[in-house]
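Written out below as structure tokens is the structure these notes cover.
In what follows, chains are A, B, ... by sequence order, proteins preceding strands, each numbered from 1.
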4 protein chains.
Amino acid sequence: MPMVLEGDGGRDRGESERETFIRGARRRQLVECAIEVIAEVGLARASTVRIARRAGVSRGVLTYHFRDRGELIDQVIARVYELGAETLEPSLRVTTTPREFLLAFIGSSVEFYAAYPRHVAALHAVFAGFEDDAPTRGGDRRHIRELDRLGELLFEGQTRGEFRDFNVDVMARTIRQALDGALAHVVAGRPAQPYAAELQALFDAATRSAAPPSGEPHEAHDDPD
Amino acid sequence: MPMVLEGDGGRDRGESERETFIRGARRRQLVECAIEVIAEVGLARASTVRIARRAGVSRGVLTYHFRDRGELIDQVIARVYELGAETLEPSLRVTTTPREFLLAFIGSSVEFYAAYPRHVAALHAVFAGFEDDAPTRGGDRRHIRELDRLGELLFEGQTRGEFRDFNVDVMARTIRQALDGALAHVVAGRPAQPYAAELQALFDAATRSAAPPSGEPHEAHDDPD
Amino acid sequence: MPMVLEGDGGRDRGESERETFIRGARRRQLVECAIEVIAEVGLARASTVRIARRAGVSRGVLTYHFRDRGELIDQVIARVYELGAETLEPSLRVTTTPREFLLAFIGSSVEFYAAYPRHVAALHAVFAGFEDDAPTRGGDRRHIRELDRLGELLFEGQTRGEFRDFNVDVMARTIRQALDGALAHVVAGRPAQPYAAELQALFDAATRSAAPPSGEPHEAHDDPD
Amino acid sequence: MPMVLEGDGGRDRGESERETFIRGARRRQLVECAIEVIAEVGLARASTVRIARRAGVSRGVLTYHFRDRGELIDQVIARVYELGAETLEPSLRVTTTPREFLLAFIGSSVEFYAAYPRHVAALHAVFAGFEDDAPTRGGDRRHIRELDRLGELLFEGQTRGEFRDFNVDVMARTIRQALDGALAHVVAGRPAQPYAAELQALFDAATRSAAPPSGEPHEAHDDPD
DNA sequence: CATGAATGAGGCTTCATTCAT
DNA sequence: TATGAATGAAGCCTCATTCAT
């Protein structure tokens, strides 16, 4: 979940275009509080009362600004994605090859985690808790789109000959999972940069197309789907 | 969490209440039901009433056989670890080098997921939900031990020269995360074997030391010392 | 409640005259366990499971020997009254005047508490908890009879001129309450004999018919009923 | 427990949540309902649902206004102590000697019981039920303070020569118990005043020193020192 | 805009009791 | 006689939500 490749920065834009400024500010503030609480106690324990208490407002405010607890959670997701996009995009834009992109993606993702550990932890907790909620939620689709996007880049690398002939979906998913692992590391308060460097080296080694020795160490490159 | 390297097979066995055979059978049956429900709806939504309904018994039966919801969950953890140990051990015992061990570990882990997708999904859900529950749970320590164990093997591989000079903790954590990804894939009903093969290739590439002698990528070179 | 003037020693005699000896022994043992548990944790928390555990038997045994939890409690009451009668009667029989009787009654009651603090505490807890149970319980009536009995003796003392002209019911009730206070003192582990001596002096002073000074310190000796 | 010598009138007032007027009124109303229910069925059977039903509100209202059932009970205790202090203080303030104080204390205590029989019965039930609940409760300490206070007065009476040389703790405890007996009498619907007069006479007789000068039983002899 | 008040569903647990063996 | 197994009622609590002000 922590992978953020694109962000539309506040969905619902246009749903009620005439958002008063104060209303918007209030909403953002509440979303920040929700993020903190979720990061600290998990999604299930992040009750509206707890979030309201953190914000120093009454319970009703939440249901006033957000029709639903669900909508609040959606805004949490949107906010973190927005932040993620802001953080990642500059680094990614300057890359020129798939390999560079991959390394930059890993590196700036971890940097993002280090810069906003609570935000990302909250997002992670939200996705981890979604098995408990309604099966289809806003963020999930975004999530899928991300996997697709990373997949496209890996595929492009293979086409260019930069990457070896791995299954793109497996690799994309594994990268995502590896970054989740980095998140746990960072959230635990341990140094981010070395972890990022290790991951970069790991996936560089895992993807690069050094002439594979004959003898086929492992079978099957069939589409695992 | 899906990594299972060791299992003590039924914790608390004989703790002052001798296990009647029938009692043991009932408990196992209830644990299986709990596993199914947790796998389907997640830990938080796996209420005692839902589990009891699944088992076709009254709610009280659960608190009769398990002092606590917590104890039931503990038994779920124990059961899956037990199964995992049974499944993995044979494959792992016959390995002779760290690399073989690594590949076998990945391969038979995914096999395990394919054989017991619901069980492993339940275990995964349990650990995912633990951030919300009491911080220290029985299975958690087991978990740590696993990471240590895998780390030791990776280190041994580096010592023998089979593996390159990566950070052992990062690699171990990443492997674990990658297997979690495999679990999601398998639970979604997609073929396990090709996914396993891809992961083996991925981590083989990610771990192997420089260019091994051609023709023999890096076959078991049992330290002749 | 701790006042015990008469005991019929095991009511229900004749209800099932052919009580096997073993059955009777079992029942007595269970009653003793119930007494201990009630004395320790109070009536409300003295659940059948706790009592059974204390006795080292299964829960079913209780409902086997006693149709009801209520019947078990009744037996507890009966047992303590029985003990009380055994303890008090010798002391009381040798008295020859109402004043002697009163002092002996107070003294041997407190001795009884000191000899069987847990039993008496259990009885006390049972009566304290009865407001929660069915309003009319076996022991209650016995209780009333006791008050009557003490009242008769006080009245006899007044007739003989040994006692002053107090209201008999009020005095009887107050003596009973004072003994309850002694029970709390004894159960708390503090020395019984001095407390008894003080109570004897107190009620000796309160009842004796020294020529009351004119001037009427207090009005109304009307029947307070 | 029915002895009320001092009351701080509403504990916890202003504890971080300022008492809205309406909120305060609601709370008081609910406390009154709780008092009625407890007086009628005892503490153990005074479930939240019963209290809510009595108040004509939903169960949730209770946990909305009182974090806990325990807090509600605490408020019951506080309320009755508050009432007791209001009732007793005027009578006690005008006394000038320990003996007067003792008689006024007994008299106005019973008056209090007669004025608020249900309230006092509830308090009594609460304390009777506390052996089953958490051992240390708010009101308990207040209780101890009362015994101490009465003890001090008795001691002062001995020092002045008004009272004979009894053990102060035993006498204080016995007075308290005697008042409990009066409560039972009053709650049963029988006339309070004659009972009070009897108790006054009883403890006057029980405490007074030797034979006081005839004609003036023992009128206030303010220590002229 | 904001709040306090109220609601009712849902969850976990304890417990007395019944039943089949 | 004794036991383990099972049941269902009742209690307390948390929580998301609605409503009137």
Protein-nucleotides 6-8 of chain F N/O pairs closer than 3.5 Å?
| from | atom 1 | to | atom 2 | distance (Å) |
| --- | --- | --- | --- | --- |
| F/dA6 | OP1 | B/Arg26 | NE | 2.7 |
| F/dA6 | OP1 | B/Arg26 | NH2 | 3.2 |
| F/dA6 | OP2 | B/Arg26 | NE | 3.4 |
| F/dA6 | OP2 | B/His65 | NE2 | 2.7 |
| F/dT7 | OP2 | B/Ser58 | N | 2.9 |

Legend entry - B/Val57/B/Leu30 under side chain to side chain contact (heavy atoms under 4.5 Å, CB included): CA gap, chis, key distance, verdict: CA-CA 9 Å; B/Val57 299; B/Leu30 293 173; 4.3 Å; yes
May I have the distance from [X] (atom [atom1]) to [N] (atom [atom2]), rounded to whole angstrom?
X	N	atom1	atom2	result
B/Phe66	E/dT14	CZ	C1'	18 Å
A/Asp68	F/dA16	CG	P	11 Å
D/Arg53	E/dT7	CZ	C1'	16 Å
A/Leu72	F/dC15	CG	P	15 Å
C/Arg69	F/dA9	CZ	P	20 Å
D/Arg45	E/dC15	CZ	P	15 Å
B/Ile51	E/dG10	CD1	P	17 Å
C/Gln29	F/dA2	CD	C1'	13 Å

Legend entry - CA sep, side-chain torsions, deciding dist, call: A/Glu36, A/His119, side chain to side chain contact (heavy atoms under 4.5 Å, CB included): CA-CA 7 Å; A/Glu36 286 179 19; A/His119 287 69; over 6 Å; no
How long is the span from the [atom1] atom in [X] to the [atom2] atom in [Y], to the nearest 0.5 Å?
X	Y	atom1	atom2	answer
B/Arg118	B/Leu123	CZ	CG	14.5 Å
C/Glu82	C/Ile77	CD	CD1	13.5 Å
B/Ser47	B/Leu62	OG	CG	9.5 Å
C/Ile35	C/Ile51	CD1	CD1	10.0 Å

Legend entry - N or O in side chain of B/Ser47 less than 4.0 angstrom from E/dG11 OP1/OP2: yes
Legend entry - OP1 or OP2 of E/dC15 under 4.0 Å from side-chain N/O of C/Thr48: no
Legend entry - Stepwise side chain to side chain contact (heavy atoms under 4.5 Å, CB included) check, A/Ile73 with A/Phe66: CA-CA 9 Å; A/Ile73 304 298; A/Phe66 307 90; over 6 Å; no
Inset, instruction - Could you summarise the pairing of DNA chain E as dot-bracket text, marking Watson-Crick and G-U pairs under 3.5 Å with ( ) or [ ] inside the strand and | across strands? - result: .||||||||||||||||||||
Legend entry - Short N-O contact, A/Glu32 and A/Arg79, less than 4.0 angstrom: yes
Inset, instruction - On DNA chain E, check which nucleotide each of B/Arg50 and C/Arg50 is closest to and give me the residue with the more 5' one. - result: B/Arg50
Inset, instruction - Apply the test side chain to side chain contact (heavy atoms under 4.5 Å, CB included) to residues C/Glu71 and C/Arg27: give CA-CA distance (whole Å), side-chain angles for both, the deciding distance (0.1 Å), then the verdict. - result: CA-CA 11 Å; C/Glu71 196 196 327; C/Arg27 282 169 65 98; 3.4 Å; yes
